Amino acid sequence: MVKKLLKLVPYLILALVITGFNSFLDGLTNIRMTRLLDLAINGQTRELKSQIPGMLVIAFALVPMGILVGIVSNFYKRKANSTLKQYYLTKVFNKNIAEFQKENNAKYLSAMTNDFNTLETNLITGIYSVFESVMTFIVGIWMLSTVDTRMIILAVILILINLVISMIASKPSKKAHKERSDMFDAYTSYIKEILSAFHIVKNYNLQQKVNEDYNKKSEEIQQKGFIIERMLSFVMSLENFLMNGAIFGMYILIGYFSVKGSVSVGEVLLVINGVQKMAWPLFNISENLPKIFTSGDLIKKIEKTLKNTDTYVESVSLPDFNEEIEFKNVEFGYDDSEEPVLTDINFKIKKNGKYLVVGPSGGGKSTLLKLFRKYFNPTKGMILIDGNNLKDVIREDYYKLIGNIEQQVFIFEDTVRNNLTLYKDYSEEEIEAAIEAAGLTEFVKQLPNGLDTVIYDNGRNISGGERSRIVIARALLNKAKILLMDEAFASLDMERAREIEKTILNLKDITVINVSHVIFKDTKKLYDKVFTVKKTVY
Ligand SMILES: Nc1ncnc2c1ncn2[C@@H]1O[C@H](COP(=O)(O)OP(=O)(O)OP(=O)(O)O)[C@@H](O)[C@H]1O
């Protein structure tokens, strides 16, 4: 992430160069204006008249410059935000399926919303704001130095006070920010849970309980936010006090010079203006520096969620499936289960064979499919595909060969066509054939715009059976070599399930492994073998 941030430096520099030039023009206008004032007080009218056009040119130039500053600074912020978000999403999809499934994905949601919002305000905008303030501060010093160079010493003292306080403030607020981010993870996860259990909450009248839990969690976060704000306001007040003292000192000094007659009225005004120009950036810097310092920890936390703990290097490429898959003395247990879920598994499946997998609930059928899908590797033994250890086979190669029809159906908010093709190119004939095989012909016919009808919100406007058939057609169209089905017919009526099963079993160039509770006598005999899974496979 830090590398990505470094790539944004040119955009930041561009924004700062323009911002800096704008600050310079602003300072110049101030200096010139006070000179004009002195000329007016001293009655030097001719000189005054000759200076006014130049002054107006600079003052007018400030208008387009101000607009330009807005454009380039926003361009930098937009670029930075989108670069970081894109990087994050790419990294999330580089995670192993097994590891992703093990985790609560609310933490990714929380990172993409809460943590990125914090980074946007604290780091991306914070860095720009600090540099912008530094430049305005320098312009302030410049304005003061045109009056008396001794003023610079006071300015340096102001900077030092500011930096020290920022450093001290960043430590406790770092810890509080990290705690608040962790709380946001839990909070997002909770919200996701209660929203997905919406109908259960309504049916069982659990609103009261949900309200109480929600209030508790939300109060905890508010409290942490309050602690952070309290900490910062304490630091700000202290800083305010010290800074006001230093500014007051500067005013006394310039007042003294004025009484002595060594500075003019215009110069007194210039110093007051300059001091004000210096004061705002200093407050801004001290507000933003601790936030920038705390962002490092947040980045580390975000990066940690993106790391795959399994760093096993897959080295075997597998362009095709030619012969067989063999389970050899395979044993598998989930991380947190003491006993293996599957043990002593030895069987083979042949290319283009059709296999039905049955067994009692909890016997391990879905787990067996997860091993086929390479979501997990066996704890012991090995799975060989055409003689290669599946563990060594490059995941992307293998995934090109398999098609999945799972219980959980995902439909994109897009047209039926795109949901079938998944944005790949197929001929109309191929699409028609898949639609026919999946029993979708009638469904597509009655759609208002045929294949170009949009399906909304994970298939809200179509039935469960239609969603399943779309996924079946998707897998057929993808021309997978090995089709892995997990209760694919559960949401279909018997007649349609039987029809689609027959169609799939009659396909010649595909190996089918079908885990199903729905077993029809007539289709059962179309399988080459029926495996029963009950801790082992027989
Ligand atoms: N992610 C997991 N972590 C830990 N244990 C799991 C996990 N998934 C499944 N199990 C356990 O593994 C065993 C086998 O589960 P699996 O889902 O493979 O069975 P199944 O035969 O597909 O069951 P069903 O027919 O009810 O879907 C069960 O005891 C289950 O509790």
Side-chain angles (χ1 to χ4, degrees), residues 92 95-109 189 192-193 196-197 200 305 308-310 312 325-347 349 354-383 390-391 395 399 402-410 464-465 467-468 471-472 475 482-492 494 497 500-501 504 511-520 523-524 527 529-538:
V92 168
K95 286 216 78 160
N96 291 339
I97 295 181
E99 285 186 33
F100 186 80
Q101 282 193 332
K102 253 189 252 165
E103 293 154 347
N104 185 343
N105 57 28
K107 76 176 177 192
Y108 300 103
L109 266 182
S189 159
K192 204 179 133 220
E193 221 165 69
S196 50
I200 299 177
T305 63
N308 281 316
T309 46
D310 177 11
Y312 190 80
I325 297 180
E326 180 180 10
F327 277 61
K328 231 176 165 180
N329 304 320
V330 167
E331 184 173 306
F332 177 76
Y334 291 98
D335 283 351
D336 42 5
S337 58
E338 286 173 15
E339 285 268 303
V341 173
L342 294 169
T343 184
D344 199 19
I345 299 186
N346 288 286
F347 71 95
I349 58 153
K354 312 287 184 275
Y355 302 90
L356 178 63
V357 179
V358 296
S361 176
K365 302 180 295 294
S366 298
T367 307
L368 186 76
L369 272 191
K370 283 180 195 161
L371 292 176
F372 266 115
R373 287 175 178 145
K374 204 169 157 27
Y375 289 178
F376 298 99
N377 289 314
T379 333
K380 285 188 190 154
M382 60 176 106
I383 303 168
L390 186 59
K391 189 177 175 184
R395 210 170 285 265
Y399 287 165
I402 64 171
N404 286 303
I405 305 178
E406 305 197 34
Q407 281 167 20
Q408 261 190 343
V409 173
F410 185 80
R467 284 159 37 145
S468 301
V471 179
I472 291 169
I482 306 160
L483 188 59
L484 303 167
M485 302 165 70
D486 193 355
E487 302 295 351
F489 308 131
S491 55
L492 299 181
M494 294 291 185
I500 297 174
E501 191 179 15
I504 291 175
T511 310
V512 176
I513 297 157
N514 178 22
V515 168
S516 184
H517 278 109
V518 189
I519 301 161
F520 304 108
T523 51
K524 193 175 170 188
Y527 286 95
K529 192 159 182 180
V530 179
F531 290 115
T532 305
V533 183
K534 198 174 163 192
K535 206 166 179 193
T536 186
V537 175
Y538 51 90

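Index from 1, following the sequence. The figures that follow rest on heavy atoms only: side chains count, while hydrogens, waters and symmetry mates do not. Since this is a predicted model, take the numbers as computed values, not measurements. For ligands, and for the atoms within them, numbers begin at 1 and follow the listed sequence.
Residue Pro360 approaches ligand 1 through these ligand atoms, each under 4.0 Å from one of its heavy atoms: 21 (O). Of all atoms in ligand 1, listed by their number and element, those nearer than 4.0 Å to a heavy atom of Thr367 are 14 (C), 15 (O), 16 (P), 18 (O). Residue contact check: His517 has heavy atoms under 4.0 Å from atoms 25 (O) of ligand 1.
With Asn346 contributing its side chain and Asn329 its backbone, the two residues share a donor-acceptor pair below 3.5 Å. When atom types are taken as modelled, the side chain of Lys365 and the backbone of Pro360 share a donor-acceptor pair closer than 3.5 angstrom. Side-chain atoms of Tyr399 come within 3.5 Å of backbone N or O of Arg373 as a donor-acceptor pair. When atom types are taken as modelled, the side chain of Lys374 and the backbone of Leu390 share a donor-acceptor pair closer than 3.5 angstrom.
Under the side-chain hydrogen bond (donor to acceptor under 3.5 Å, both in side chains) criterion, Thr343 pairs with Glu331, not counting sequence neighbours.
Distances from atom 7 (C) of ligand 1 to the heavy atoms of Tyr375, Tyr334, Phe332 put Tyr334 nearest. Between atom 17 (O) of ligand 1 and the options Ser516, Ser361, Ser366, Gly363, the minimum heavy-atom separation is to Ser366.
Checked against a 3.5 angstrom limit, the closest N/O atoms of Val341 and ligand 1 fall outside it.
For the side chain to side chain contact (heavy atoms under 4.5 Å, CB included) with Leu484, the qualifying choice from Leu369, Val515, Asn514 is Leu369, the only one to do so.
The shortest separation from a heavy atom of Gly359 to ligand 1 is not under 4.0 Å, leaving the residue out of contact.
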